[in-house]
Amino acid sequence: MGVLEELQWRGFVHQATHEDLAQRLEGAPLTFYCGFDPTADSLHVGSLLPIFAMAHLQRAGHRPLVLIGGGTGLIGDPSGKTAERTLQTKEQVLANAEGQRRQLARFLDFEGPAAARMLNNADWLLSLTLVDFLRDIGKHFSINVMLTRESVRMRLEDREHGLSYTEFSYTLLQAYDFLHLCEHQNCRLQIGGSDQWGNIVSGMDLTRRLLQKETYGMTVPLLTKPDGSKFGKSEGGNIWLDPARTSPYKFYQFWINQPDAEVIRYLRFFTFLSRSEIEALEEAVLNVPEKREAQRRLAEEVTRIVHGEEALRNAVKASEAMFGGALDGLDEPTLLDVFSEVPSTTLPAETLEIQPLLTDVLVEAGCFPSKGEARRMIKSGGLYVNNERIEREDLRLSRDLCLTPSMAVVRKGKKHYQLLRFQ
RNA sequence: GGUGGGUUGCCCGAGUGGCUAAAGGGGACGGGCUGUAAACCCGUUGGCUAGCGCCUACGGUGGUUCGAAUCCACCACCCACCA
């Protein structure tokens with residue numbers, strides 16, 4: 001199977017600028033790039049989509065350029081945004097770019113014949129001067145065309161938000177990136193999210209005009225959940241790749257909780273499993289959905305790639321302990337081990353002697369933001385200690401509530417665990 | 001610079017002197033059913049309190065009033081139109 005065919009089967013190809021892109025990709029190795037916006041110091045699962053697309057292309061022998069938008073991040077891309085963005089400080093953008101750079105290094109091979117390179121467009125954008133830029137680059141852009149852009153039109157029609165000159169100009173900078181990379185790295189293909197189509201085409205135009213070189217573009221789909229909301233948000237927050245922001249356990253849980261209707265698609269996107277393996281899992285979803293084989297495999301694969309083998313083992317172990325049933329048989333070291341992945345809080349041992357209200361303790365331990373919420377949870381039957389439902393709001397904490405002499409396992413609802421230790 | 005419109009709880013959005021911790025929706029969370037799935041049903045969704053209740057809250061600051069998210073003044077921010 002050719003690379004493009006492979007990408008197509010996996011669902012990565014949303015739009016491509018050339019019919020013959022496939023042939024081009026079967027030929028001599030080609031240099032391609034994809035940009036990442038340094039809006040945070042960590043990437044999240046949404047960014048995995050273009051990353052995997054890059055990885056597949058690299059495996060087919062093409063050379064990836066990872067472009068960190070340290071320069072463009074200072075401006076803000078209006079594509080797909082409904083409101084004007086607040087500008088970030090240069091320091092922020094710099095720090096964010098560095099954080100993302102480290103994460104991206106995990107997915108691509110930086111050695112060998114198709115060694116990936118990491119670049120930061122701050123290196124060439126920050127030294128531009130306005131007048132030169134307007135003369136050399138701006139001249140090639142037609143306002144008439146820019147105004148017809150989906151992303152621009154949307155914002156122009158929106159009475160509330162509008163669009164600043166700064167963001168309006170963004171596309172010129174990204175186009176300039178492509179030009180620069182084509183000129184200095186012989187980059188011929190840009191890939192990006194489907195909201196990047198306009199920016200990609202702008203870059204191709206510019207490159208054709210100024211360098212007389214033909215370039216290509218391809219976009220990957222923008223992932224949404226079945227309800228239309230953004231992919232990668234869960235339990236109120238983004239799922240980040242940074243283990244300090246999203247623990248490997250939580251990361252693993254995110255994937256294992258994917259609905260049947262989506263899981264196969266995600267296996268194709270976020271794993272390197274072969275077609276036959278994925279098809280086998282598809283069968284499993286149809287015939288024995290309750291075994292959740294596909295979800296398990298998905299969670300394993302992605303967690304391994306992002307966090308490594310050891311973190312995966314811990315996440316699996318913790319998940320099995322908690323969702324497998326009996327907590328009772330576990331001794332303290334095992335518990336500690338299992339729960340190293342789960343939020344845990346240490347309270348002074350005296351707490352057990354004073355026997356305070358359980359609700360107060362839970363607030364202090366950070367399980368709940370307020371006593372009212374803790375009480376409400378009990379009232380609605382959603383609070384468990386060591387997997388036993390707590391019925392009384394005025395229950396006091398004591399040794400009887402502990403699973404081991406110094407530990408108790410608090411559970412909110414079906415899947416939120418927190419370990420309490422008393423020392 | 002001028003004129004007009006706006007700023008409400010996590011988000012959207014109603015309210016335009018007391019009955020308003022503030023309709024409705026979304027989201028989120030919990031319960032039930034299940035398979036750590038989807039769909040569906042039910043409940044909760046400012047803080048403190050066992051509860052009566054008290055406090056904080058409708059951009060900010062002052063004021064009018066027995067009483068203000070609601071009226072007035074000033075300030076800030078956003079938007080539209082005009083120049």
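A, B, ... follow the sequence lines: proteins, then strands. Residue 1 opens every chain. The structure displayed is predicted, hence computed values, not measured ones.
- Residue K291(A) contributes atom NZ, which lies 14 Å from atom P of rU36(B) at whole-angstrom precision.
- Using cut-offs of 30° and 60° for the angle between ring planes, the F251(A) and W255(A) rings count as perpendicular.
- Atom CD in Q258(A) sits roughly 16 Å away from atom P in rU36(B) (whole-Å rounding).
- The interatomic distance linking R292(A) (CZ) with rG35(B) (P) rounds to 11 Å, in whole Å.
- The nearest whole Å value for the distance from the OH atom in Y417(A) to the C1' atom in rU36(B) is 9 Å.
- Under the Watson-Crick or G-U wobble criterion, with both distances below 3.5 Å, rG27(B) is paired with rU45(B).
- The gap from the P atom of rC29(B) to that of rA38(B) amounts to 11 Å, rounded to the nearest Å.
- Ring centers of F12(A) and F269(A): under 6.0 Å apart, within the cut-off.
- Taking atom NZ of residue K414(A) and atom C1' of nucleotide rC29(B), one finds them 13 Å apart after rounding to whole Å.
- rG13(B) and rU49(B): their C1' atoms are spaced 32 Å apart (whole Å).
- Per the geometry, CG belonging to L298(A) stands 21 Å off P belonging to rG35(B), to the nearest Å.
- In the set rG30(B), rA38(B), rU36(B), rA38(B) carries the atom at the smallest distance from any side-chain atom of P259(A).
- When distances run from any side-chain atom of H416(A) to the nucleotides rG30(B), rU36(B), rG35(B), the shortest one goes to rG30(B).
- Counting non-hydrogen atoms under 4.0 angstrom, Y384(A) reaches the backbone sugars and phosphates but no base.
- Donor-acceptor pairing under 3.5 Å is recorded for the side chains of Q295(A) and D260(A).
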**Complete:** Protein-proximity profile, nucleotides 44-57 of chain B, B/S/- by nucleotide at the 4.0 Å heavy-atom cutoff, equals SS-SSB--------
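- Rounded to whole Å, the distance from CD on E293(A) to P on rG35(B) is 16 Å.
- Between the NZ atom of K415(A) and the C1' atom of rG35(B) there is a distance of 11 Å, rounded to whole Å.
- Distance check, rounded to the nearest 0.5 Å: CG of L383(A) to CD of E393(A) gives 11.0 Å.
- Contact detail for L189(A) and F178(A): the closest heavy-atom pair is C-CZ, 3.9 Å.
- Both the sub-6.0 Å distance and the 45° axial angle are not jointly satisfied by R399(A) relative to the ring of F422(A).
- The partner of rG18(B) is rC66(B), judged by Watson-Crick or G-U wobble contacts that both fall below 3.5 Å.
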